[in-house]
Participant: 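Once you've had a glance at the structure underneath, I'll fire off some questions.
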Amino acid sequence: MAFLTLERLDKTFGHAAALSDVSLEVERGELVSLLGPSGCGKTTTLRIVAGFETPDRGRVLLDGRDVTHVPPERRGIGMVFQGYSLFPNMTAAQNIAYGLRVARRPAEEARRRVGELLDLVGLRDAAGRYPHQLSGGMQQRVALARALAIEPRILLLDEPLSALDAKVRLSLRTEIRRIQTRLGITALYVTHDQEEALSLSDRVVVMSHGRIEQVGPPEEVYGEPKTEFTASFIGSMNQLRGTIGPAGTLEYHGRSLRLPPRARATAGETAALVLRPEAITLTPEGAGDAVPPGANVLGGTLVTRTFLGPIVRLVVEVDGEYLSVDVPGAQRTVHRQGQRVRLWFDPEAAILMAASGGEKGDEAE
Amino acid sequence: MIQRIVLVLFFAYLLLPITGVLHFTLLDGTRVTAAHYLQALGDGEFQAYIVHSLALAVATVAISVSLMTFTAFWVHMRAPALKPLLELLSFLPFVVPAVTLALGLIEIYSRPPLVLTGTASLLTFAYVVLALPFTYRAVENGLSAIDSRTLSEAAQSLGAGWWRRFITVIVPNLWPGIVSAALLTFSLVMGEFTLALFLVGSAYETYPLYLNEVWRSDPKYGAALAILSFLITWGSSVLILGASRRAPGQVQGAVLK
């Protein structure tokens with residue numbers, strides 16, 4: 001049985017449906033991210049797991065127990081909030097000790113435990129400082145230590161890094177994951193930052209408008225999006241829209257594009273081949289570079305070139321539409337605006353989506 | 001520079017009437033004397049009535065501040081939709097004239113089951129109501145300033161029940177707001193005249209009432225009592241502020257750099 005089960009949760013605030021039929025299973029020791037834009041229901045889901053909200057319908061089962069109507073203070077959770085959650089009237093050490101004092105642990109044990117946790121988050125020297133004397137990153141580390149002090153069953157994190165500087169975010173992100181795996185604690189992590197979700201999680205739950213769009217390991221959610229929302233929300237996606245031809249190809253601006261082997265399509269229907277910018281290879285026309293047999297080839301004109309550091313993003317105009325192509329930043333090929341180029345990609349790298357936005361293939365859910 | 005000038009002028013404006021009264025009380029004709037102040041030392045009534053006022057003030061502060069802190073926090077967390085109503089109610093004492101309030105209270109509390117007219121208790125309760133706008137506002141501002149919801153939820157996630165959260169996390173961090181409320185309430189009660197006159201009168205005479213009486217027959221002594229009242233209220237405020245320094249820990253908001 002899964003460690004945490006969310007069973008068909010519904011939640012409405014006033015007239016707005018915040019959650020519709022949300023179900024999820026989280027295994028012990030997993031770190032699962034809830035990812036989506038503002039208003040998608042990810043925070044509501046987390047708060048229901050925490051107990052700060054009660055679902056209108058559905059159940060929450062934690063470690064074999066139905067906790068749907070159990071108040072937060074009796075669920076055995078540890079929670080890290082977005083910010084300003086440290087008690088300003090207590091030092092870092094006192095903050096961390098708070099849960100232990102509430103649980104009436106002996107003073108000696110509490111002292112030892114606080115020391116352990118301060119070491120875990122690398123803040124031994126800051127023990128006697130007050131929150132306003134700590135940087136944002138340090139505050140969140142104390143908040144994490146405080147949540148872990150009481151050995152919670154599950155760790156809940158509500159966009160803990162959103163309020164921090166980019167550099168701090170990066171280092172703290174790695175640290176959170178390190179601690180989580182080291183302790184083997186189950187964690188639910190809410191974020192709107194895809195990079196965070198993809199880098200931290202065992203599995204990612206993509207949410208939109210109160211529903212779960214897709215659940216899966218980061219590579220799967222990124223590389224094999226099952227819905228149009230997931231495809232467009234995670235990373236960038238090119239969409240080649242056309243009609244399925246009689247020979248089982250996609251007719252795109254007069255060219256016949258081969259479909260991925262798994263795809264199932266009926267002639268005459270509208271569909272789109274969806275594909276990542278890094279899956280396309282670009283060569284200047286006439287350069288004579290070899291194109292693998294079976295690849296889909298398009299021709300177009302280079303419109304813009306943007307240097308982004310690790311990658312260079314090229315925008316190519318193909319028959320009135322604009323496609324994005326990413327090439328490694330280190331590749332020093334010169335690209336000139338207005339240059340005629342050839343684009344090719346392996347049919348397997350694309351996903352066929354129906355006009356309605358669902359994947360069309362054998363594995364489509 | 002302009003700021004300083006304005007500040008000086010402002011204080012001059014505030015202190016001028018007091019200076020005038022001081023001048024009046026310290027001079028008999030052309031002779032400087034402290035006799036009118038020394039008169040208070042031998043005046044048993046003065047001592048009794050100042051104690052009455054202080055007692056009322058302390059009782060009012062204790063009840064009003066604890067009641068409103070509790071209520072404001074409860075509404076803030078459990079029933080935020082009720083806030084506008086609470087705000088409206090807390091403003092009523094401003095709107096209703098003191099005389100009307102007094103007469104209304106007499107109407108209700110001069111009959112069974114609760115006959116309280118002429119008692120200090122009735123006056124205390126009336127003062128608690130009168131202090132509502134000050135205490136509620138001060139506490140509510142404090143609650144919003146400290147993001148009490150996040151703090152409360154954090155404490156809750158760590159296993160703390162309602163009372164524990166309130167006492168260990170909310171009250172210590174609300175301290176400046178609570179002290180403000182206490183100070184405002186204290187000064188209000190020390191200077192209140194109308195309700196004291198109507199509700200209790202001579203049954204539990206308060207300092208302002210006594211002052212008013214004395215002033216009619218002995219203006220110099222009355223004026224001296226007024227200055228003493230000012231000093232006592234001011235002194236008590238300083239004491240309350242002093243107590244606030246020693247309150248639990250740092251209360252500045254967290255700064256995320």
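Note on naming: letters A, B, ... go to the chains in the order of the sequence lines (proteins, then strands), and numbering restarts at 1 for each one. For clarity, every value in this text was computed on a predicted model and none was experimentally measured.
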Participant: So, do Y204(B) and H52(B) have ring centers that fall under 6.0 Å from each other?
Facilitator: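 Centroid separation for Y204(B) and H52(B): below 6.0 Å.
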Participant: Who among R146(A), Q94(A), R74(A) has the most heavy-atom pairs with chain B under 4.5 Å?
Facilitator: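 When all of R146(A), Q94(A), R74(A) are compared, R146(A) has the most.
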Participant: Identify which part of I77(A) has an atom lying under 4.5 Å from any heavy atom of chain B, answering side chain, backbone, both or neither.
Facilitator: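 For I77(A), heavy atoms of backbone and side chain both lie under 4.5 Å from chain B.
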Participant: State which residue, out of L6(A), V32(A), I154(A), fulfils the side chain to side chain contact (heavy atoms under 4.5 Å, CB included) condition with V26(A).
Facilitator: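 Passing option: V32(A).
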Participant: In terms of heavy-atom pairs under 4.5 Å, which option from S152(B), G161(B), A160(B) contacts chain A the most?
Facilitator: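 The residue among S152(B), G161(B), A160(B) with the greatest pair count is A160(B).
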Participant: Which of these, R177(A), K167(A), M138(A), Q140(A), sits in a side chain to side chain contact (heavy atoms under 4.5 Å, CB included) with L172(A)?
Facilitator: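 Output: one option passes, namely Q140(A).
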Participant: For residues 79-105 of chain A, pull every pair meeting salt bridge (Lys or Arg N to Asp or Glu O under 4.0 Å), keeping only residues two or more places apart or in separate chains.
Facilitator: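 Passing the test, one end in residues 79-105 of chain A: R105(A)-E109(A).
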Participant: Side chain from CB out, backbone as N, CA, C, O: work out which of these in F87(A) comes under 4.5 Å of a heavy atom of chain B, or both, or neither.
Facilitator: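 Contact with chain B is through both the backbone and side chain of F87(A).
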